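Proteins come first, then strands; the chains are lettered A, B, ... in the order of their sequence lines, and each starts at number 1. When reading the values below, keep in mind they use all heavy atoms of this one structure, side chains included, and skip hydrogens, waters and symmetry mates. Values in this document were obtained by computation on a predicted structure and should not be read as measured data.
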Amino acid sequence: MAQEPVVVRIAPSPTGDPHVGTAYTALFNMALRRKQGGRFILRIDDTDRTRYQADSEAAIQHELRWLGIEWDEGPDVGGDAGPYRQSERTDLYRAAVEELIAKGAAYRCDCTKERLEEMRAEQRKRKQQPRYDGHCREREVSPDATHVVRLKVPLAGETTWTDELRGAITIQNATVDDQVLLKSDGYPTYHLATVVDDHKMGVTHILRAEEWINSTPKHVLLYEAFGWPLPKFVHLPLLRNSDKSKISKRKNPTSITWYRENGFLPEALRNFLSLMGFSFGDDREEFTLEEFVEAFSLGAIKTGGPVFDQQKLEWLNGVYIRKLGLDELIEHVREHSAAAAAADPALLRRILPLVQERMNRFTEFDELCDFFFVDRVQPPHDDLLPKKRSDTNTAAVLRQARLLVRDLPSLDEETLEQKLRDLAEEVEWKARELFMALRVAVTGKKVTPPLIESMCVLGRETCIERIDAAIDVLGSPENPILGTSDTSA
RNA sequence: GGCCCCAUCGUCUAGCGGUCAGGACGUAGCCCUCUCAAGGCUAAGACCGGGGUUCGAGUCCCCGUGGGGUCACCA
């Protein structure tokens, strides 16, 4: 188990919201780096100026950090191999391209967009693979004219490399297009930039998504043309929608920001992502980042594409929420609920233990606890009535309960519960019937945190007011018939 | 469609030639219980198909089939 230090990297594009796929790849890269030592680089692939979004880079960094992903080198932390934005490395790419042209491995091409489109349309019509026809391969295109630079892919032969997870992969060169390396705007394409940077930055292991397998021959050809040693290639499985297609925001939330804002804990998302394609080899599913790193190895990664199951993520998030200490819990809930943020911290300390095990996401707090924060609740008439109990009977019992609450020396949980149970017995109601009627009266809902505890948190005055209001909903009977069920005859 | 990758319960997975094919999410039932949860117990639920190799294949090989990815001056 010789553990050579590695140099790994992720190269997200600042073209939109930070993607869970980026986090997934980053997680495995970081795990390998931490396990074996070395460097983990964050490189910003901002070579597509048309899709570039100015605030995206900061968002990516922010969300990755939120998830617990840390890099050794990057645009924000510096490092010896910088700059770490590809837009700041264009001289390197231009020089590289000149080298390739000089070596005959690349050529200038001034074909217009229109010509290319026409050509492809024609090829499609003839049921051929749409690909560059080599028009400029042997032409002399002036460096001064508007042009791109293409890779001169051998017309015959094949390119083979070893994927660390999948073994040898061979692709016929004839199926590889003459890839554009340098765009007419002077920026490199991914293929050129990634090869140049990975080499210059000393990258030893390229852990990236499976969707890159088919363009790997281009990269291998470039390494060969430059005379550079090949890094190890590790193509990770692709995260999937529930229909097995590549995960996409149309079918699944893919923005890390979304998960943060919708009440997920970074540890839970991180743990969940680790489970995609990796396992300890036993039944362990809940584990810390440190445990993951310790157990991690490339050999433990599965190659089948895992479906991103929201339900399991929510369950796991609930597991993590339940493990939180009260102070942490308060902090998180305040971030996700305006009501909680505005509430007295002392009040929150009493409410949260009642709902901690009832939330799978922090955003569920409001739905669960709204009745603590409003002036009055609106108990639906029908919900107030236990099965087969009349309006009059129920109102009468609630009146009794009201008196009981009013006259209790102190409103503590044990006494309140005992007295209410006594009352139920006295009026010949099941305790559960009384509790439900009171629950609806006091909270307006049939599903709530535990009643007795909730009442004690609400306080005597509020409980009395709400019971009164509930009695009003039922109408005020003149002659309450106590202790009977008047529909039972 | 060409090329490439992949293939155990619905989903995430364990399994690395001999197992009653194990666990988790979800689903159903029961227990607990003031509702809902949480927790406990139980149940249903998978080796894609066909050939080989082998005393013996979920495990190895081949061929199908299925799914996915990719075929841009996007990454």
Peer 1: In whole angstrom, give the distance that lies between atom CG of A/L236 and atom C1' of B/C5.
Peer 2: 13 Å

Peer 1: Taking B/C16 as the reference, what is the distance to B/G69 when you measure between their C1' atoms (whole Å, please)?
Peer 2: 27 Å

Peer 1: Hey, are A/K249 and A/D17 close enough for a salt bridge, meaning a charged N less than 4.0 Å from a carboxylate O?
Peer 2: no

Peer 1: What is the separation between atom NE2 on A/H235 and atom P on B/G69, rounded to the nearest whole Å?
Peer 2: 16 Å

Peer 1: If the threshold is 4.0 Å, N to carboxylate O, is there a salt bridge linking A/E425 and A/R421?
Peer 2: no

Peer 1: Test for a donor-acceptor pair under 3.5 Å between the base of B/C73 and the side chain of A/S184, counting only N and O atoms.
Peer 2: yes

Peer 1: Quick check: on RNA chain B, is the nucleotide nearest A/Q129 upstream (toward 5') of the one nearest A/D309, or the reverse? Name the residue that is more 5'.
Peer 2: A/Q129

Peer 1: Is any N or O donor-acceptor pair between the side chain of A/R358 and the base of B/C36 shorter than 3.5 Å?
Peer 2: yes

Peer 1: Can you tell me which nucleotide in B/G26, B/A72, B/A75 comes closest to the side chain of A/R120?
Peer 2: B/A72

Peer 1: Would you say a side-chain N or O of A/K244 is under 4.0 Å from OP1 or OP2 of B/U11?
Peer 2: yes

Peer 1: Please determine, for B/C73, whether a Watson-Crick or G-U wobble partner exists with both distances under 3.5 Å, and give it or none.
Peer 2: none

Peer 1: Salt bridge or not for A/R361 and A/E367, using N-O below 4.0 Å?
Peer 2: no

Peer 1: Name the nucleic acid region contacted by A/T50, choosing base, sugar-phosphate or nothing; use a 4.0 angstrom heavy-atom cut-off, strictly under.
Peer 2: nothing

Peer 1: Mind checking the P distance from B/G51 to B/G58? Whole angstroms is fine.
Peer 2: 13 Å

Peer 1: Where the side chain of A/I452 is defined as all heavy atoms beyond and including C-beta, which of B/C74, B/C34, B/U35 is the nearest nucleotide?
Peer 2: B/C34

Peer 1: For A/S13, report the nucleic acid contact type (base, sugar-phosphate, nothing); a contact means any heavy atom under 4.0 Å.
Peer 2: sugar-phosphate

Peer 1: Considering every strand and a 4.0 Å limit on heavy-atom distances, what is the contact class for A/S245: base, sugar-phosphate, or nothing?
Peer 2: sugar-phosphate

Peer 1: Could you measure between the two P atoms, the one in B/U53 and the one in B/C20, and give it in whole Å?
Peer 2: 26 Å

Peer 1: Counting side-chain heavy atoms from C-beta on, which of B/U70, B/A75, B/C6 comes nearest to A/Y190?
Peer 2: B/A75

Peer 1: Between the main-chain N or O of A/P83 and the side-chain N or O of A/R89, is there a donor-acceptor pair closer than 3.5 Å?
Peer 2: yes

Peer 1: Is the A/Y190-A/W212 ring centre distance short of 6.0 angstrom?
Peer 2: yes

Peer 1: With a 3.5 Å limit on both atom pairs, tell me what B/G18 is paired to, counting Watson-Crick and G-U wobble, or say none.
Peer 2: B/C55

Peer 1: Between A/K246 and B/U70, is there a side-chain N or O to OP1/OP2 distance below 4.0 Å?
Peer 2: yes

Peer 1: Categorize A/E285 for me: base, sugar-phosphate, or nothing, with a 4.0 angstrom heavy-atom threshold over every strand shown.
Peer 2: base

Peer 1: Does a nitrogen or oxygen in the side chain of A/R51 sit under 4.0 Å from OP1 or OP2 of B/A75?
Peer 2: no

Peer 1: Expected output is a numbered-order residue list: members of residues 266-281 of chain A with a heavy atom under 4.0 Å from any atom of RNA chain B. What is it?
Peer 2: A/L275, A/M276, A/G277, A/S279, A/G281

Peer 1: Over 60° means perpendicular and under 30° means parallel, so classify the ring planes of A/H332 and A/F362, tilted if in between.
Peer 2: parallel

Peer 1: Among the nucleotides B/C73, B/A75, B/C6, which one has an atom lying closest to any side-chain atom of A/W212?
Peer 2: B/A75

Peer 1: Pick the C1' atom in B/G67 and in B/U8, then give their distance to the nearest Å.
Peer 2: 15 Å

Peer 1: Between B/U65 and B/G50, how many Å separate the two P atoms, rounded to a whole number?
Peer 2: 15 Å

Peer 1: Between B/C73, B/U13, B/G69, which one does the side chain of A/P306 approach most closely?
Peer 2: B/U13

Peer 1: Are any non-hydrogen side-chain atoms of A/I321 and A/L265 less than 4.5 angstrom apart?
Peer 2: yes

Peer 1: Atom CG of A/N173 to atom P of B/C4: distance rounded to whole Å?
Peer 2: 13 Å

Peer 1: Looking at B/G23, B/A75, B/C3, which one has an atom nearest to any side-chain atom of A/N214?
Peer 2: B/C3

Peer 1: Looking across every strand, which nucleic acid part, if any, lies under 4.0 Å from A/V148 by heavy atom: base, sugar-phosphate, or nothing?
Peer 2: base

Peer 1: Any side-chain N or O of A/K302 under 4.0 Å from OP1/OP2 of B/G15?
Peer 2: no

Peer 1: Could you check how far CD of A/E211 sits from P of B/C6, rounded to whole Å?
Peer 2: 16 Å

Peer 1: Sticking with atom C1', work out how far B/G26 lies from B/C9, rounded to a whole angstrom.
Peer 2: 12 Å

Peer 1: So does A/R9 pair up with A/D45, basic N to acidic O under 4.0 Å?
Peer 2: no

Peer 1: For A/L434 and B/U35, give me the distance from atom CG to atom C1', rounded to whole Å.
Peer 2: 14 Å

Peer 1: For A/E118, look at atom CD and say whether over 12 heavy atoms of other residues, nucleotides or ligands are found less than 6.0 Å away.
Peer 2: no

Peer 1: Does any nucleotide pair with B/G39 by Watson-Crick or G-U wobble geometry, both distances under 3.5 Å, and what is it?
Peer 2: B/C31

Peer 1: Using a heavy-atom cut-off of 4.0 Å across all strands, would you classify A/P12 as base, sugar-phosphate, or nothing?
Peer 2: nothing

Peer 1: Consider the side chain of A/R240, meaning its heavy atoms from C-beta on, and name the nucleotide among B/C5, B/A75, B/G68 that approaches it most closely.
Peer 2: B/G68

Peer 1: Measure all distances between protein nitrogen or oxygen atoms and nitrogen or oxygen atoms of nucleotides 39-43 of chain B, and list the pairs falling under 3.5 Å.
Peer 2:
none

Peer 1: For A/K419, look at atom NZ and say whether over 12 heavy atoms of other residues, nucleotides or ligands are found less than 6.0 Å away.
Peer 2: no

Peer 1: Need the pair for B/U65. Rule: Watson-Crick or G-U wobble, both distances under 3.5 Å, any strand; none if unpaired.
Peer 2: B/A7

Peer 1: What does A/R150 touch in the nucleic acid at a heavy-atom separation under 4.0 angstrom: a base, only the sugar-phosphate, or nothing?
Peer 2: sugar-phosphate

Peer 1: What distance, rounded to whole Å, do you find between the two C1' atoms, one in B/G15 and one in B/A21?
Peer 2: 8 Å

Peer 1: Does any non-hydrogen side-chain atom of A/M359 lie less than 4.5 Å from one of A/V333?
Peer 2: yes

Peer 1: Between B/A75 and A/T47, is there an OP1 or OP2 to side-chain N/O distance shorter than 4.0 Å?
Peer 2: yes

Peer 1: So, A/N173 and A/T159: side-chain donor and acceptor under 3.5 Å apart, yes or no?
Peer 2: yes

Peer 1: Can you see if the side chain of A/R421 gets near the phosphate of B/C34 - specifically, an N or O under 4.0 Å from OP1 or OP2?
Peer 2: yes

Peer 1: For A/D177 and for A/D283, find the nucleotide of RNA chain B with the closest heavy atom, then tell me which residue's nucleotide is more 5'.
Peer 2: A/D283

Peer 1: Rounded off to whole Å, could you give me the CG-to-C1' distance for the A/N317 and B/A38 pair?
Peer 2: 15 Å

Peer 1: What contact category does A/D282 fall into here, base, sugar-phosphate, or nothing, at under 4.0 angstrom with non-hydrogen atoms?
Peer 2: nothing

Peer 1: Got a sec, which residues hit side chain to side chain donor-acceptor pair (under 3.5 Å) with A/R85, two or more places apart in sequence or on another chain?
Peer 2: A/E57, A/E88

Peer 1: With a non-hydrogen cut-off below 4.0 angstrom, is A/R439 in contact with a base, only sugar-phosphate, or nothing?
Peer 2: base

Peer 1: Assign A/L451 to base, sugar-phosphate, or nothing according to its heavy-atom contacts below 4.0 angstrom with the strands shown.
Peer 2: base

Peer 1: Which nucleotide, if any, forms a Watson-Crick or G-U wobble pair with B/A44, using both distances under 3.5 Å?
Peer 2: none

Peer 1: Contact class for A/E453 vs. all strands (heavy atom < 4.0 Å): base, sugar-phosphate, or nothing?
Peer 2: base

Peer 1: Looking only at atom C1', what distance separates B/G10 and B/U70, rounded to whole Å?
Peer 2: 28 Å

Peer 1: Choose from B/A72, B/C34, B/C3 the nucleotide whose nearest atom is closest to any side-chain atom of A/P130.
Peer 2: B/A72

Peer 1: I'd like to know if A/R284 pairs up with A/E291 as an ion pair, taking the criterion as any Lys NZ or Arg NE/NH1/NH2 lying under 4.0 Å from an Asp or Glu carboxylate oxygen.
Peer 2: yes

